[in-house]
Amino acid sequence: MDALRTFLAAHKTGSLIRAADQIGRSQSAVSQQMRKLETQVGQSLFQRHGRGLILTDAGEQVLSYARRILELNDEVIRALRSASIEGSVRFGLPGDFAETWLPAALGEFKKAHAAVRVEVSVEGNGALLERLDRGELDLVLAMGHRTRADAEHIATLPMTWIGSADSEIVIKPGRPLDLALYKPPCFFRRAGLAALDDANIAWRLAYSTASLSSLWSGVAAGLGITLRTGAGLPPTLRRLDERDGLPSLPVVDLCLHGGGRENTPALARLREVVIESALANLPS
């Protein structure tokens with residue numbers, strides 16, 4: 001299995017050196033694995049192409065089998081591990097990720113671990129962390145709280161101004177900029193108002209809500225512009241930037257928080273699933 005994984009890494013990177021870096025082994029160990037694999041199949045699997053490597057005809061055939069063998073091997077391991085995991089997990093996430101890729105990932109987790117009872121709560125970042133600290137949740141995905149001692153950094157996301165997809169002119173001479181914002185406390189709200197004040201752009205609060213779906217609806221209706229990360233942005237909205245006369249915005253950190261709780265098998269596996277899904281679906 002190790003040799004086949006190395007073979008796939010070498011094919012993907014086109015280099016034994018880069019493959020060694022990717023899998024965390026020395027170049028000599030990777031070269032030895034590939035020579036052994038070629039000896040076992042009795043044919044060369046790679047040929048030189050400039051400074052890189054490409055597959056031979058035999059390599060192409062081995063590639064197809066290698067993928068299927070590793071998929072079956074990993075499926076067996078997942079099935080055996082899943083059967084031994086039970087218990088319950090209480091997971092909290094902000095609305096930004098509640099209508100896109102994360103629910104599907106949680107659904108797959110539930111199907112793979114039928115003995116685990118999963119409870120999901122969707123709220124604002126601060127409210128979720130308060131519930132975690134009160135012992136009402138076991139794991140929280142939240143934005144903007146990287147300084148907490150329990151923060152496990154997942155990604156850094158750019159904030160963006162957001163307006164109606166039908167809007168053309170955002171800033172109009174002689175008129176304050178209409179804003180649609182979350183009710184305080186909200187770090188997006190604070191960041192947006194600070195950016196506008198620093199740029200000497202007049203504004204007025206035209207729409208205030210505590211619901212993300214309500215915020216999206218208000219912006220889509222043209223009641224004002226807002227700012228978030230752009231995650232799960234509905235098609236009725238569009239990103240705005242300096243070309244619309246708006247100031248630049250800071251970035252925001254996305255972290256997992258466990259509140260210092262014991263990492264049970266069910267909780268550890270859910271943590272892995274959330275991280276894997278985030279890295280696969282969020283921009284790098």
Side-chain angles (χ1 to χ4, degrees), residues 21-24 74 78 81-82 85 87-113 116 118-160 162 182 185-192 212 215-216 226-234 239 248-284:
D21 289 339
Q22 185 179 91
I23 64 176
D74 294 346
R78 285 195 301 270
R81 286 179 177 174
S82 299
I85 296 178
S88 65
V89 287
R90 300 166 299 174
F91 177 58
L93 71 158
D96 305 69
F97 308 106
E99 297 180 3
T100 52
W101 46 269
L102 198 47
L106 295 175
E108 290 299 319
F109 172 86
K110 180 60 180 175
K111 285 191 289 186
H113 306 282
V116 177
V118 182
E119 298 177 14
V120 179
S121 297
V122 179
E123 294 184 57
N125 297 279
L128 289 169
L129 291 171
E130 289 177 2
R131 291 189 61 193
L132 177 70
D133 293 338
R134 291 198 300 267
E136 298 172 4
L137 295 172
D138 302 308
L139 186 66
V140 164
L141 182 68
M143 295 183 286
H145 295 269
R146 189 174 181 176
T147 57
R148 280 179 55 109
D150 64 342
E152 181 179 359
H153 184 252
I154 305 300
T156 299
L157 305 174
M159 290 189 193
T160 182
I162 298 168
Y182 257 27
C186 173
F187 63 86
F188 284 106
R189 180 187 179 116
R190 292 195 300 270
L212 183 62
L215 182 68
W216 289 156
T226 193
L227 69 154
R228 300 295 291 180
T229 65
L233 200 64
R239 299 173 189 239
S248 59
L249 293 167
V251 296
V252 59
D253 292 307
L254 177 67
C255 299
L256 269 177
H257 303 269
R261 283 166 179 71
E262 179 185 357
N263 206 19
T264 64
L267 189 57
R269 181 57 190 142
L270 178 63
R271 184 185 298 270
E272 291 175 358
V273 167
V274 172
I275 293 174
E276 290 169 2
S277 300
L279 295 179
N281 289 278
L282 291 172
S284 57

Asks: Would you tabulate the side-chain donor-acceptor contacts of residues 121-131 under 3.5 Å, counting partners in other chains and residues two or more places apart, or write 'none'?
Replies:
residue, atom, partner, partner atom, Å
Ser121, OG, Arg131, NH1, 3.2
Glu123, OE2, Arg131, NH1, 2.7
Asn125, OD1, Met143, N, 2.7
Arg131, NE, Glu136, OE1, 3.0

Asks: List in chain and number order the residues that pass side-chain hydrogen bond (donor to acceptor under 3.5 Å, both in side chains) with Glu108, two or more places apart in sequence or in another chain; answer none if no residue qualifies.
Replies: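 For Glu108 the side-chain hydrogen bond (donor to acceptor under 3.5 Å, both in side chains) partners, ignoring immediate neighbours, are Lys111.
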Asks: I'd like to know if the side chain of Arg189 reaches the main chain of Tyr182, judged simply by a donor and an acceptor atom lying under 3.5 Å from each other, with no hydrogens or angles considered.
Replies: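 It does hold such a pair.
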Asks: Side chains of Phe188 and Thr229, heavy atoms from C-beta outward: is any pair under 4.5 Å?
Replies: yes
Asks: Measure the shortest side-chain to side-chain distance between Val140 and Leu256 over non-hydrogen atoms and say whether it is less than 4.5 angstrom.
Replies: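 Heavy-atom side-chain distance check fails, nothing below 4.5 Å.
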Asks: Could you report the tightest heavy-atom contact between Ala151 and Arg146, atom names first, then the distance?
Replies: CB-O, 3.4 Å
Asks: Quick one: does Asp150's side chain get under 4.5 Å of Leu132's, heavy atoms only?
Replies: yes
Asks: Does the side chain of Phe109 reach to within under 4.5 Å of the side chain of Val274, using non-hydrogen atoms?
Replies: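 SC-SC contact between Phe109 and Val274 ruled out.
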Asks: Evaluate the salt bridge (charged side-chain N to carboxylate O under 4.0 Å, His left out) criterion for residues Arg148 and Asp133: first the C-alpha distance (whole Å), next the side-chain angles of each, then the deciding distance (0.1 Å), finally the verdict.
Replies: CA-CA 11 Å; Arg148 280 179 55 109; Asp133 293 338; 2.9 Å; yes
Asks: Do His145 side-chain atoms and Thr147 backbone N/O form a donor-acceptor pair below 3.5 Å?
Replies: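 No, the answer is negative, given that no donor and acceptor are paired below the 3.5 Å cut-off.
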Asks: Between Asp138 (side chain only) and Arg90 (backbone N and O only), is there a donor and an acceptor less than 3.5 Å apart?
Replies: yes
Asks: At their closest point, which heavy atom of Ala98 faces which heavy atom of Pro103, and how far apart are they?
Replies: O-CG, 3.0 Å
Asks: Between Arg269 and Val116, is any pair of side-chain heavy atoms under 4.5 Å apart?
Replies: no
Asks: Test Glu119 against Phe91 for side chain to side chain contact (heavy atoms under 4.5 Å, CB included), laying out the working first.
Replies: CA-CA 6 Å; Glu119 298 177 14; Phe91 177 58; over 6 Å; no
Asks: So do Leu267 and Leu139 actually touch side chain to side chain, heavy atoms under 4.5 Å?
Replies: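 Yes, their side chains come closer than 4.5 Å.
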Asks: Side-chain contact, heavy-atom cut-off 4.5 Å: Ile275 with Glu152?
Replies: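 Yes - at least one pair of side-chain heavy atoms lies under 4.5 Å apart.
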Asks: Can you name the nearest heavy-atom pair linking Gly230 to Arg239, along with the distance?
Replies: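 Closest approach of Gly230 to Arg239: O-NH2, 3.5 Å.
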Asks: Using a 4.5 Å cut-off on heavy atoms from C-beta on, say whether the side chain of Val120 contacts that of Leu93.
Replies: yes
Asks: How close do Val273 and Ala105 get, counting heavy atoms only, and between which atoms?
Replies: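 Here Val273 and Ala105 meet closest at CG1-O, 3.9 Å.
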Asks: Could you work out, with side-chain hydrogen bond (donor to acceptor under 3.5 Å, both in side chains) as the rule, every residue matching Asp21, not counting sequence neighbours?
Replies: none
Asks: At their closest point, which heavy atom of Arg271 faces which heavy atom of Gly258, and how far apart are they?
Replies: NH2-CA, 4.2 Å
Asks: When rounded to the nearest 0.5 angstrom, what is the spacing between CG in Leu270 and OG in Ser88?
Replies: 11.0 Å
Asks: For the OG1 atom of Thr156 and the CG atom of Leu254, what is their distance to the nearest 0.5 Å?
Replies: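 It comes to 9.0 Å.
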